[in-house]
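Report on the structure given below.
So you know, we letter chains A, B, ... as the sequences are listed, proteins then strands, and number each from 1.
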Protein chains: 2
Amino acid sequence: MGATKTDHFTGKQNQIATLAKALGHPARVAIIEYLLKVNACICGDIVNELPLAQPTVSQHLKELKNAGLIKGNIEGNAICYCIDEKMIDKLLNYFSGISSKLNKQKNNCC
Amino acid sequence: MGATKTDHFTGKQNQIATLAKALGHPARVAIIEYLLKVNACICGDIVNELPLAQPTVSQHLKELKNAGLIKGNIEGNAICYCIDEKMIDKLLNYFSGISSKLNKQKNNCC
DNA sequence: ATTTAACATTGCAATATTACGATAAAGAAA
DNA sequence: TTTCTTTATCGTAATATTGCAATGTTAAAT
């Protein structure tokens, strides 16, 4: 075992889980926040910002990219990473939906 | 290695990562959605809803509870689980903040 | 007191994740 | 061309996660 049983769940459930999982590590949260802070999507100094070795950062970037949360453009010999708004909005919509449903049903049981 | 270096990141980054990680599995997303659907926080038939054995579901519930996303009340010999609005709102606010910042800075680089 | 029902816990096997040193790849600069 | 800079990939060790069978635990029901 150790392998997630993805095929028993809906596509949407798996997609939300994939996005959430990608943000399930503080380094990747920090990367997103750094990309947000530097506005222009300045590149490889992400490594200098994080307390992690370069291969580790590269790996985290890859996972964020696979999940679709960031995009990367090659620019000379450097790479320009930036946040993909669409996926952030997907998460925002998801939690927004949950929150409004919760408010409607006034769940006062627990 | 294999252990996350949590102490090098901020408390907030770690908290968002913890919440996201808890939702980083389709079964746990499905549990949240089921709890949302049944409004009244009906209890142990979560096991019947999911394609997983009872101990596995119990473990997923425990992780959601540890992250603070759900609460559990003992009710006779059954247990009443329900969503904790506060944590959902924390995630909602977080992504809302990112989204609005992205809209302001019109990041047109990638 | 026994049995049943609902969950939790333990123990274990299979797999995934995290982290990094070493090395490769590819373009820029000299 | 050689060297430097930037990023990716490989290999590997340490640890975490996932999943379930077996077993506890607790309280209701008989």
Side-chain angles (χ1 to χ4, degrees), chain A residues 1-9 13-14 17-31 34-35 38 41-67 70-82 110, chain B residues 1-9 13-14 17-31 34-35 38 41-67 70-82 110:
Chain A
M1 320 298 155
T4 296
K5 284 185 153 184
T6 55
D7 43 318
H8 294 295
F9 301 97
Q13 285 168 344
N14 277 305
T18 299
L19 289 173
K21 192 176 188 178
L23 290 173
H25 191 292
R28 295 194 289 265
V29 171
I31 289 173
Y34 181 70
L35 288 176
V38 294
C41 45
I42 295 173
C43 329
D45 28 30
I46 301 175
V47 173
N48 299 321
E49 283 291 314
L50 296 186
L52 295 168
Q54 180 266 323
T56 309
V57 172
S58 185
Q59 197 175 298
H60 284 307
L61 285 167
K62 191 180 174 185
E63 279 173 68
L64 284 171
K65 204 175 169 187
N66 283 342
I70 63 175
K71 294 177 285 187
N73 269 22
I74 298 173
E75 205 134 301
N77 64 342
I79 290 186
C80 172
Y81 280 113
C82 65
C110 293
Chain B
M1 323 294 156
T4 296
K5 285 185 156 184
T6 56
D7 44 315
H8 293 295
F9 301 97
Q13 284 167 345
N14 277 305
T18 300
L19 289 173
K21 192 176 186 178
L23 290 173
H25 193 292
R28 295 195 287 266
V29 171
I31 289 173
Y34 180 71
L35 288 176
V38 294
C41 45
I42 295 173
C43 330
D45 28 30
I46 301 175
V47 173
N48 299 320
E49 283 291 315
L50 297 185
L52 296 168
Q54 180 266 321
T56 308
V57 172
S58 185
Q59 196 175 300
H60 284 308
L61 285 167
K62 192 179 174 185
E63 279 173 68
L64 285 170
K65 204 174 168 187
N66 284 341
I70 63 175
K71 294 177 285 188
N73 269 21
I74 298 173
E75 205 134 302
N77 64 344
I79 290 186
C80 172
Y81 280 113
C82 66
C110 295

How long is the line joining [atom1] of [X] and [atom2] of [N], in whole Å?
X: A:L50; N: C:dA19; atom1: CG; atom2: P; answer: 10 Å
X: B:E75; N: D:dT26; atom1: CD; atom2: C1'; answer: 15 Å
X: B:Q54; N: C:dC7; atom1: CD; atom2: P; answer: 8 Å
X: B:N14; N: C:dT18; atom1: CG; atom2: P; answer: 13 Å
X: A:L61; N: C:dA19; atom1: CG; atom2: P; answer: 13 Å
X: A:R28; N: C:dT17; atom1: CZ; atom2: P; answer: 9 Å
X: B:I74; N: D:dA28; atom1: CD1; atom2: P; answer: 11 Å
X: B:Q59; N: C:dC12; atom1: CD; atom2: P; answer: 15 Å

[N], OP1 or OP2 - any side-chain N/O from [X] closer than 4.0 Å?
X: A:S58; N: D:dT7; result: no
X: B:T56; N: D:dC20; result: yes
X: B:H60; N: D:dT17; result: no
X: A:Y81; N: D:dT6; result: no
X: B:K21; N: D:dT17; result: yes

- Item | Five-pair end axes of the helix from C:dA1-D:dT30 to C:dA30-D:dT1 and the angle they enclose, rounded to 10° | 10°
- Note on the structure: Of A:N77 and A:G24, the one whose nearest nucleotide on DNA chain C sits closer to the 5' end is A:G24
- Note on the structure: Of A:P55 and A:H25, the one whose closest nucleotide on DNA chain C sits nearer the 5' end is A:H25
- Can you name the side-chain contact (heavy atoms from CB on, under 4.5 Å) partners of A:A27, sequence neighbours left out? A:H25, A:L52, A:H60, B:F9
- Query: Which nucleotide, D:dG19, D:dA8, C:dC20, lies nearest any side-chain atom of A:L52?
  - Reply: C:dC20
